[in-house]
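Only this structure's heavy atoms are used, side chains among them; waters, hydrogens and symmetry mates stay out. All residue numbers in this chain count up from 1 along the given sequence.
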Amino acid sequence: MRVTRGMAGALAGVALAAAAGVAHGETITAVGTAQAKVVAPAPLTNAKIVRAVTAARAEAVPAAFTAARNQATRFAIAGGFTLGAITAIEEGAGSYGYYFGGNYSRFGPGRYCGSVQQVRRGPRVDGRRGPVISRTRVTRCYKPPSIVVTVSLTFDATPVPPPATP
């Protein structure tokens with residue numbers, strides 16, 4: 001998992017809270033990201049792609065939660081805290097567009113099949129593309145290669161008491 005500015009900020013916040021000696025209300029926020037491949041049987045239809053995207057998302061969400069919990073555990077150990085219950089869950093916006101593995105498709109949210117223009121050209125002339133001979137509308141389906149899920153989890157945190165001196 002890559003450390004982002006948000007994660008670095010959260011770790012800095014944990015360190016500041018520990019240094020300030022705040023007695024109550026400590027929290028640790030961590031971000032987890034997971035990706036799942038979208039597998040749809042041929043021939044592609046919008047319904048098949050929607051089912052495949054839903055299945056990929058169902059696979060990615062638990063993995064993102066696990067990644068966030070692991071990151072929070074690392075933050076807690078580094079800051080001298082123990083993790084408590086989850087107090088807040090937030091899902092990231094995700095990437096937009098078909099080519100970025102986002103949750104949005106080429107034809108709009110949840111629409112993976114649609115009409116596109118197909119252009120037929122004549123032979124090349126002087127190294128340039130030939131003239132347009134015909135334009136037709138055809139239906140095409142575009143399946144996203146993967147789905148990316150990002151979640152932010154906020155945990156209660158309790159400072160670990162210093163060891164007792166004998």
Verdict with supporting geometry, Thr29 and Ser152, side-chain contact (heavy atoms from CB on, under 4.5 Å) | CA-CA 7 Å; Thr29 300; Ser152 173; 3.3 Å; yes
Carefully, step by step, assess Asn70 and Phe65 under the rule side-chain contact (heavy atoms from CB on, under 4.5 Å).
-> CA-CA 9 Å; Asn70 290 342; Phe65 267 75; over 6 Å; no
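A 4.5 Å side-chain heavy-atom check between Leu44 and Tyr112 finds every atom pair outside the cut-off. Counting only heavy atoms from C-beta outward, the side chains of Ile28 and Phe81 approach each other to under 4.5 Å. Within the 4.5 Å cutoff, no side-chain heavy atoms of Phe155 are placed close to those of Thr73. The shortest side-chain heavy-atom distance between Asp156 and Leu83 does not fall under the 4.5 Å cut-off. Residues Ser115 and Val138 have side chains not in contact (no heavy-atom distance under 4.5 Å, counting atoms from C-beta outward). Put simply, the side chain of Thr33 reaches to within 4.5 Å of the side chain of Val148, judged on heavy atoms.
For Lys143 (side chain) and Ala40 (main-chain N/O), no donor-acceptor pair under 3.5 Å exists by modelled atom type.
Once rounded to the nearest 0.5 Å, the distance linking OG1 of Thr82 with CD of Glu26 reads 10.0 Å. Interatomic distance, Gln35 CD to Glu59 CD, rounded to the nearest 0.5 Å: 10.5 Å. Atom CD1 of Ile49 is separated from atom CZ of Arg51 by 10.5 Å, given to the nearest 0.5 angstrom. Distance check: Gln117 CD to Arg140 CZ gives 12.5 Å after rounding to the nearest 0.5 Å.
Across all non-hydrogen atoms, the minimal contact from Ala30 to Ala72 is CB-N, 3.5 Å. Contact between Thr45 and Cys141 at its shortest, heavy atoms only, is CA-SG, 4.3 Å. When all heavy atoms of Arg111 and Phe107 are compared, the closest pair comes out as NH1-O, 3.2 Å. For Ile147 against Ala60, the heavy-atom pair with the smallest separation is O-CB, 4.5 Å. In terms of heavy-atom proximity, Arg121 sits nearest to Ile133 at C-CD1, 3.7 Å. Considering every non-hydrogen atom in both Leu153 and Arg69, the closest pair reads CD1-N, 4.3 Å.
When the side chains of ILVMFWY residues are joined at heavy-atom separations under 4.5 Å, either directly or via intervening members, Val149 and Ile89 end up in a single hydrophobic cluster. Phe75 and Ile86 end up in the same hydrophobic cluster when Ile, Leu, Val, Met, Phe, Trp and Tyr side chains are linked at under 4.5 Å.
Shown here is Arg129, whose CZ atom has no more than 12 heavy atoms of other residues, nucleotides or ligands within 6.0 Å. Within 6.0 Å of the CZ atom in Arg120, the count of heavy atoms belonging to other residues, nucleotides or ligands does not exceed 12.
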